[in-house]
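A short write-up of the structure that comes next.
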Amino acid sequence: LYVTIDLSNLYVEYGDKTTTVKATVVDGDNSWSINYQLPAGESIDLIVYADVASSAYSSSTTDTITVRAKVSGTTADSATTVTEPSSGYRSGQTITFGTGTFTADISGDTPVAQIVTGGQTITAAKFKFTASYDDFTIKEMRVKVPSGSSSIIKQAILKDGDEIVATASYDSVNGYFHLTGVDGRELNVEIPANTTKVLTVDLELDTPTSDPAKGTSTSQKNVAVTLDWIKYATSQGVETTDDTPGPNNTEPAGNAIYVYKAIPTFTYSSLSGSTFINGTETDIYQFTVSAEGGSISIKQLKLSVSWDDGGDGDDDTLELESFKIFKDGTQVTAVSITDASGNSVASTSGLTESDSTLVITFTNESVVGEGQTATYLIKATPQGFGKSTTGSDGFSIRLPGDTSHNGTSVYLRDSNSDGIYGLATSATGSETAANVIWSDNSALGHSTTNGSASNDWANSYLVKNLDLSSKGWVRQ
């Protein structure tokens, strides 16, 4: 065999036999004397094995190796010397050498963006590790969460499948969770060459609390997990650290997960029928709200209203008036129902075609107890909707959610004094509008009082099922 000095421990399997092992390989011909009889008309494979030195790869060149073989023997009947090939060598495949690579990325099945209750252990992120051309072993990992969010986390837990392989409390000095092992065992996650492995990061959460007097809160913290740093070793034991282990030198990150003391779930409830009669009170929209982890409070809802004027071929004056809201079959009277400017629509002056928003503001708040589900029903009286042989006028209504988190705006506030509330960064700050305003009741001294409200209010970003479905109506 003609090979290069980048190899060691060279040997050949032929048929069911194996040559001796040459620990030292010369740069050129390497030969063995064997005694093997090959029957006429038969063939055997020659399989060459060797250990490849790390010097076989250089980042500045393309390194290859091609094994070339020649076999000599004597015929059994005529004692004639034969050589294959008769001149030169028979070449095997060309092997190109490279270096092993190890990469990390967020796994496709990592948890979606969501809100959760505290006081439990959640799966916060899943990271996928890929080993190419070499075996790798993960020795240490560091993960981080957004600034201030560690206050709600008791510990981070790294899992390989169902097995816990590392735990860590937050290192407040360096700003990360350093995962090195568990119960005296070092982290040692092996990933064979050309395979992937998904590791899960769980977070053990505390129960959020808010203190309006101090302006502090551990509620509404985003505990999105980012892979900040990793130490891994090759099959040769060479260790590498990487603080940007993701694609294009990035830090793979999980999705946003906001932690509350309690959370609501909104669910659309379909009403039977889709037609109405002018001047007749009509059930126009219904939904339920359930509470998980504790009681939740609702302060305000903004519903979207759209109009269809022209179904009958005429330009009519459409109106929805005398709005009412019921909770579990009982009319709520401590409530303000208005248009977007704060004008009441609870009597004969209602929403018209120039209005696109219905605002329902509870005088104090509407509370849904832990584990309970409340049904809310909105009623109104349509007026002025036309009908002809060509069609009928109509309207539709729905409850939309909010598209981004309210951030540090956690105080209930009506800074415009129009009876419509928003969220502010302080109890006396300027309000920012929200489609749904609710509270997880995490504050010590929870309050709805304008100008001195507690700091445990939120919009509906990531609240389950929002936006709710639209309900459409046409004149009968």
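Each residue takes its place number in the sequence, starting with 1.
Of all the heavy atoms in A131 and P192, the pair that sits closest is CB-O, 3.5 Å. Here the shortest heavy-atom pairing between E321 and T348 reads OE1-O, 2.9 Å. Contact between K197 and E190 at its shortest, heavy atoms only, is CE-O, 3.3 Å. The shortest heavy-atom contact between P111 and N255 is O-ND2, 2.9 Å. In terms of heavy atoms, G369 sits closest to A291 at O-CB, 3.3 Å. Here the shortest heavy-atom pairing between A104 and P247 reads O-CD, 3.4 Å.
D393 places no side-chain N or O within donor-acceptor distance of the main-chain N or O of D309, the cut-off being under 3.5 Å. Panel note: side chain Q286, backbone L271; no donor-acceptor pair is recorded below 3.5 Å. A distance-only check finds no donor-acceptor pair linking the side chain of D206 to the backbone of I152 [under 3.5 Å]. Using a distance-only test at 3.5 Å, with no hydrogens or angles considered, a donor-acceptor pair links the side chain of T234 to the main chain of Q236. For the pair S415 (side chain) and E431 (backbone), a donor-acceptor distance under 3.5 Å is present. Put simply, the side chain of N459 gets close to the backbone of S404: a donor and an acceptor are under 3.5 Å apart. Under a 3.5 Å cut-off, the side chain of T240 and the backbone N or O of Y232 do not form any donor-acceptor pair. Formation of a donor-acceptor pair under 3.5 Å by the E353 side chain with backbone atoms of L318 is found in this model. Under a 3.5 Å cut-off, the side chain of N174 and the backbone N or O of Y176 do not form any donor-acceptor pair. A distance-only check finds a donor-acceptor pair linking the side chain of Q114 to the backbone of V112 [under 3.5 Å].
To the nearest 0.5 Å, atoms CG (D134) and CZ (F102) are separated by 11.0 Å. The OG1 atom of T244 sits 10.0 Å away from the CG atom of L227 when rounded to the nearest 0.5 Å. The CD atom of E292 lies 6.5 Å from the OG1 atom of T265; values are rounded to the nearest 0.5 Å. One distance of note links CG of D339 with CG of L358; it measures 9.0 Å at 0.5 Å rounding. For the atom pair OG (S396) and CH2 (W307), the distance works out to 10.0 Å, reported to the nearest 0.5 Å. To the nearest 0.5 angstrom, D242 atom CG is 10.0 Å from T103 atom OG1.
With a 4.5 Å cut-off on side-chain heavy atoms, I378 and I360 count as touching. I298 is listed as a side-chain neighbour of F266, based on a closest heavy-atom distance under 4.5 Å. Between L466 and N435, every side-chain heavy-atom pair lies at or beyond the 4.5 Å cut-off. In this structure, K221 and V145 have side chains that are not in contact, with every pair of non-hydrogen atoms separated by 4.5 Å or more. Counting only heavy atoms from C-beta outward, the side chains of I164 and K159 approach each other to under 4.5 Å. The shortest side-chain heavy-atom distance between E186 and T180 does not fall under the 4.5 Å cut-off. Between N188 and T137 the shortest side-chain heavy-atom distance falls below 4.5 Å. Within the 4.5 Å cutoff, no side-chain heavy atoms of R142 are placed close to those of D171.
Of the residues F362, Y260, W457, the one that meets the ring pair (Phe, Tyr, Trp, His ring centres under 6.0 Å) test with W438 is Y260. When the options K299, H446, Q300 are evaluated for a side-chain hydrogen bond (donor to acceptor under 3.5 Å, both in side chains) with E365, the one that passes is H446. Screening T110, D105, D109 against S107 for a side-chain hydrogen bond (donor to acceptor under 3.5 Å, both in side chains) leaves a single residue, D109. Screening K379, K324, K471 for a salt bridge (Lys or Arg N to Asp or Glu O under 4.0 Å) with D283, the sole residue that qualifies is K379. A side-chain hydrogen bond (donor to acceptor under 3.5 Å, both in side chains) with S297 is found for one member of N364, D440, D456, N441 and no other, namely N441.
Annotation: Y170 is in aromatic contact with F177 [ring centroid separation under 6.0 Å]. Residues F276 and F385 bring their aromatic ring centres within 6.0 Å.
In terms of the side chain to side chain contact (heavy atoms under 4.5 Å, CB included) criterion, residue partners of A233 (sequence neighbours excluded) are, by chain and number, K139, E239. With sequence neighbours excluded, the residues that form a side chain to side chain contact (heavy atoms under 4.5 Å, CB included) with T216 are D211, K214.
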Take L301 and V436, measure what side-chain contact (heavy atoms from CB on, under 4.5 Å) needs, and give me the verdict at the end.
CA-CA 5 Å; L301 305 166; V436 176; 4.0 Å; yes
Decide yes or no on side-chain hydrogen bond (donor to acceptor under 3.5 Å, both in side chains) for T352 and S354, but give the supporting numbers first.
CA-CA 5 Å; T352 64; S354 61; 3.1 Å; yes
When you look at T403 and Y461, which way does the side-chain contact (heavy atoms from CB on, under 4.5 Å) test go after all the steps?
CA-CA 6 Å; T403 57; Y461 182 59; 5.6 Å; no
Under the side-chain contact (heavy atoms from CB on, under 4.5 Å) rule, what do Y258 and I263 come out as? Steps first, then yes or no, please.
CA-CA 10 Å; Y258 292 90; I263 59 174; over 6 Å; no
Audit row: N406, Q220, side-chain contact (heavy atoms from CB on, under 4.5 Å) steps and yes/no:
CA-CA 9 Å; N406 48 280; Q220 302 191 44; 3.0 Å; yes
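Under a cut-off of 6.0 angstrom, the local environment of NZ in K128 is sparse, with at most 12 non-hydrogen atoms contributed by other residues, nucleotides or ligands. Heavy-atom neighbours of K464 NZ from other residues, nucleotides or ligands within 6.0 Å: at or below the threshold of 12.
For the residue pair Y376 / S366, a side-chain donor-acceptor distance below 3.5 Å is found, with atom types taken as modelled. A donor-acceptor contact closer than 3.5 angstrom links the side chains of D202 and T123. Judged purely by distance below 3.5 Å, without hydrogens or angles, the side chains of T390 and S388 pair a donor atom with an acceptor atom. Inspection of the T408 and T425 side chains reveals no N or O donor paired with an N or O acceptor under 3.5 Å. Defined by atom type and a distance below 3.5 Å, a donor-acceptor pair is missing between the side-chain atoms of S336 and T338. Side-chain atoms of T66 and T94 form a donor-acceptor pair, as typed in the model, at a separation below 3.5 Å. Between the side chains of S442 and S210, at least one donor N or O lies within less than 3.5 Å of an accepting N or O.
Y285 and Y268 have tilted rings, their planes meeting at an angle from 30° to 60° on a 0 to 90° scale.
Cation-pi contact between K231 and W229: absent, since separation from the ring centre below 6.0 Å together with deviation from the ring axis within 45° is not met.
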